[in-house]
Each structure stands twice: as C-alpha cells, then as structure tokens.
Amino acid sequence: MTDKRPTSVRFTPRTDPTTFEVLRHRLWQINDEQGKTLLNMSGSQIATEANDFNVGISDEKGNLIVVGPYILVQMAPLTTLIQSIIRVIGDNVHDGDVFLCNDPWYGAVHQNDVCVLAPFFRDGKIAAWTASVVHQVDVGGGMPGSWCQDATDTYQEAPRYRFLRVVSRGVLQEEVVDTYLTNSRTPDLLNLDLRAQIGSAKATVKRLGELFDRYGSEVVKA
C-alpha cells in the first residue's frame with residue numbers, strides 16, 4: 001500500500017540555502033543591535049529595567065521580517081501601523097524621515113506604547129521599515145502615568161499622535177518634539193526614550209544599507 005497521508009509543503013528559499021541562512025542570521029544580528037542601541041541610549045527605567053519595549057524590521061508593505069526578544073505584543077500591531085502610515089502619509093515619506101505614532105485607531109496598543117517608525121530607502125524606493133515601541137511612562141492625560149481608569153472615551157485619555165514627523169530628511173524637528181514633551185509630567189524620561197528610539201532607527205537603517213550594499217537589493221529582498 002502507498003501512504004496516502006498528505007505531506008507538509010517544505011519551505012524553499014528564493015536564494016541558495018547558504019545565502020539564505022547568512023542573510024537570515026545577519027538580519028537577526030541587526031535586530032539585536034537595534035534593541036541594544038535603544039537600551040544603551042535610554043535612561044528610563046521602563047526600557048532599561050522593565051524591558052517594556054520591542055524592536056522590529058519589516059518589508060516595504062509592513063510584513064514582519066524579524067522582531068526582538070522583548071515584549072512581543074509591542075510588535076503585534078506593526079503591520080497595521082505601517083499600512084496606516086502608507087495610507088495616511090502616502091508618497092510624502094523621504095529618506096531620513098522618522099515618525100511617531102501612539103494612536104490606537106492607527107494600530108498602537110494604547111497611547112503609552114509609542115511607536116517610532118523609519119523607512120529604509122533603496123534605489124529611490126522604500127525597501128523596508130524599522131520600528132520600535134516603548135511604553136513611555138507618562139504621555140499626558142488626566143491621571144499620572146496616563147492610566148485614566150475613569151475615562152468613558154479615548155478623548156479623556158492621553159493625547160493621541162498620528163504619525164508626527166519628528167525627524168525630517170535627517171533633521172530633528174525640535175518644535176515637534178518639544179510639543180510632544182509638553183504634555184508629559186515626566187518630559188525628561190520621554191525625551192530619553194524618544195531619542196533612544198530615533199538612534200535605534202538610524203543605526204538599523206545604516207546596517208540595512210550595508211547589507212544591501214554587500215548582497216544587492218534583489219538578493220536581500222528575496
């Protein structure tokens with residue numbers, strides 16, 4: 001008798017297996033550096049002690065490629081966030097831009113979980129996104145820590161930010177950052193986390209550029 005049981009479909013990489021494994025481990029290493037950069041730059045206890053953050057890299061459409069070993073739920077909405085920024089911002093995204101979003105209506109877990117997104121450009125087009133999410137200790141609202149248990153709608157909670165461009169073409173937008181920090185009871189801690197997230201994004205974009213330079217766009221994307 002022949003075995004009629006269905007067999008599972010084996011994964012076949014679109015590059016040779018050796019190159020696939022090299023690139024896969026290299027992306028893991030870049031992701032690890034992404035998280036370590038954030039930890040080394042931030043001085044807030046939320047990130048450095050509680051590890052209430054995570055980092056990730058996706059393709060140009062928001063499909064997750066690799067995520068860090070920290071709070072996994074922080075990366076769960078990343079695809080939705082990137083699809084939202086593509087829909088909202090459209091083509092008005094440039095090399096060197098960095099965006100901030102904490103709006104649950106666009107994919108954030110809640111207002112405290114602040115996502116910082118940066119595109120990676122190759123040959124004039126977005127080839128990937130880098131993202132980090134940190135639970136920032138107080139982003140404003142009616143209660144310290146931005147936990148408004150008595151709120152009956154989202155407008156009574158902490159302010160929502162829909163893709164603030166905190167860095168434009170590589171230049172930090174001081175007025176935008178200052179406005180964001182103004183609403184917090186702990187602006188110094190928020191500033192540390194935000195600068196760490198921006199630094200993490202810049203480091204990741206640099207490493208992705210090195211990877212694409214060495215292996216070529218088609219091979220890495222495959």
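Keep in mind that this is a model prediction, so the values were computed, not measured. For the numbers below, each heavy atom of this structure counts, side chains included, while hydrogens, waters and symmetry mates do not.
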task = Can you measure from SG (C115) to CD (Q197) and round to the nearest 0.5 angstrom?
result = 7.5 Å

ask   = Is any side-chain heavy atom of V73 less than 4.5 Å from a side-chain heavy atom of N54?
value = no

inquiry  = Do L27 and L211 have side chains that approach each other closer than 4.5 Å (heavy atoms only, starting at C-beta)?
reply    = yes

key: Listed partners of D32 passing side chain to side chain contact (heavy atoms under 4.5 Å, CB included), at least two apart   = K36

ask   = Sequence neighbours excluded, which residues qualify as side-chain hydrogen bond (donor to acceptor under 3.5 Å, both in side chains) partners of R165?
value = D97

query = What heavy-atom pair brings L38 and S132 nearest, and what distance separates the two atoms?
reply = CD1-CB, 3.8 Å

request  = Kindly give the heavy-atom pair with the smallest separation between T204 and S200, and that separation in Å.
outcome  = OG1-O, 2.7 Å

message = Between S168 and Q173, does the side-chain hydrogen bond (donor to acceptor under 3.5 Å, both in side chains) criterion hold? Intermediate values first, please.
response = CA-CA 7 Å; S168 179; Q173 303 301 288; 4.7 Å; no

message = If only side-chain N and O atoms count, and only distance matters, is there a donor-acceptor pair under 3.5 Å linking Y180 with N102?
response = no

ask   = Does V219 have any side chain to side chain contact (heavy atoms under 4.5 Å, CB included) partners at least two apart in sequence or in another chain, and if so, which?
value = T15, T19, L23, Y215

Same apolar cluster: I57 and W129, side chain cutoff 4.5 Å = no

Within one Ile-Leu-Val-Met-Phe-Trp-Tyr cluster: I198 and F120, side-chain cutoff 4.5 Å = no

task = Could you please spell out the steps behind the side chain to side chain contact (heavy atoms under 4.5 Å, CB included) verdict for V137 and S44?
result = CA-CA 8 Å; V137 63; S44 78; over 6 Å; no

query = Is there side-chain contact between L189 and Q136, with at least one heavy-atom pair below 4.5 Å?
reply = no

Side-chain touch F99/V93, heavy atoms, less than 4.5 angstrom = yes

task = Would you mind listing the cluster partners of V109? Hydrophobic ones only (ILVMFWY), side-chain contacts under 4.5 Å, chaining allowed.
result = none

message = With rounding to the nearest 0.5 angstrom, report the CG to CD distance, L78 to Q83.
response = 9.5 Å

inquiry  = Between L100 and I46, is there shared hydrophobic-cluster membership here, with clusters defined by ILVMFWY side-chain heavy atoms closer than 4.5 Å?
reply    = yes

Residue E174 excluded, over 12 heavy atoms near CD under 6.0 Å = yes

request  = Please check if V116 and L164 belong to a single hydrophobic cluster, counting links between Ile, Leu, Val, Met, Phe, Trp and Tyr side chain heavy atoms closer than 4.5 Å.
outcome  = yes

ask   = Taking all non-hydrogen atoms of both residues, which atom of A118 and which atom of V98 are closest, and how far apart?
value = CB-CG2, 4.1 Å

remark   = What one should report as the nearest heavy-atom pair of F163 and L81 is CZ-O, 3.6 Å

message = Could you work out, with side chain to side chain contact (heavy atoms under 4.5 Å, CB included) as the rule, every residue matching A108, not counting sequence neighbours?
response = none

ask   = Passes side chain to side chain contact (heavy atoms under 4.5 Å, CB included), E60 versus I86? Steps please.
value = CA-CA 10 Å; E60 71 278 10; I86 292 170; over 6 Å; no

key: Reported CD1-to-CZ distance for the pair I65 and R24, which is rounded to 0.5 angstrom   = 12.5 Å

key: Counterpart residues, side chain to side chain contact (heavy atoms under 4.5 Å, CB included), relative to K61 (two or more places apart)   = D59, N63

ask   = Nearest 0.5 Å, what's the CZ-CD1 distance between R87 and I82?
value = 13.0 Å

query = Mind checking what makes salt bridge (charged side-chain N to carboxylate O under 4.0 Å, His left out) contact with D52, not counting sequence neighbours?
reply = none

message = I want to check something: taking the side chain as every heavy atom from C-beta on, are T130 and V55 in contact at a cut-off of under 4.5 Å?
response = no

request  = Using atom types as modelled and distance alone, determine if a side-chain donor or acceptor of T182 lies under 3.5 Å from a backbone N or O of D178.
outcome  = yes

ask   = If you look at every heavy atom in I71 and N51, which pair is closest and at what distance?
value = CG1-O, 3.3 Å

ask   = Nearest 0.5 Å, what's the CG-CD1 distance between D95 and I126?
value = 9.5 Å

message = For residues 197-207, which residue pairs pass the salt bridge (Lys or Arg N to Asp or Glu O under 4.0 Å) check, not counting sequence neighbours?
response = E33-R207, R207-E210

ask   = Do any pairs count as a ring-ring contact (aromatic ring centres under 6.0 Å, His included) and have a residue in residues 22-43, sequence neighbours left out, and if so which ones?
value = H25-W28

Closest non-hydrogen atom pair, P159 against V139 = CD-O, 3.2 Å

task = Sequence neighbours left out, what pairs pass salt bridge (Lys or Arg N to Asp or Glu O under 4.0 Å) with at least one residue falling in residues 114-137?
result = R122-D213

query = Run the side chain to side chain contact (heavy atoms under 4.5 Å, CB included) check on V177 and L194 step by step: do they pass?
reply = CA-CA 9 Å; V177 173; L194 179 58; 3.9 Å; yes

inquiry  = Restricting to ring-ring contact (aromatic ring centres under 6.0 Å, His included), what partner residues turn up for Y70, sequence neighbours left out?
reply    = F53

Point-to-point distance, once rounded to the nearest 0.5 Å, from CG of L181 to CG of L190 = 6.0 Å

request  = Go through the steps to decide whether V176 and T179 satisfy the test side chain to side chain contact (heavy atoms under 4.5 Å, CB included), and finish with yes or no.
outcome  = CA-CA 5 Å; V176 177; T179 301; 5.8 Å; no

ask   = Between the main-chain N or O of L39 and the side-chain N or O of T48, is there a donor-acceptor pair closer than 3.5 Å?
value = no

task = Sequence neighbours left out, what pairs pass salt bridge (Lys or Arg N to Asp or Glu O under 4.0 Å) with at least one residue falling in residues 100-120?
result = D103-R160

ask   = Is there a path from F212 to F20 through hydrophobic residues (I, L, V, M, F, W, Y) whose side chains come within less than 4.5 Å of each other?
value = no

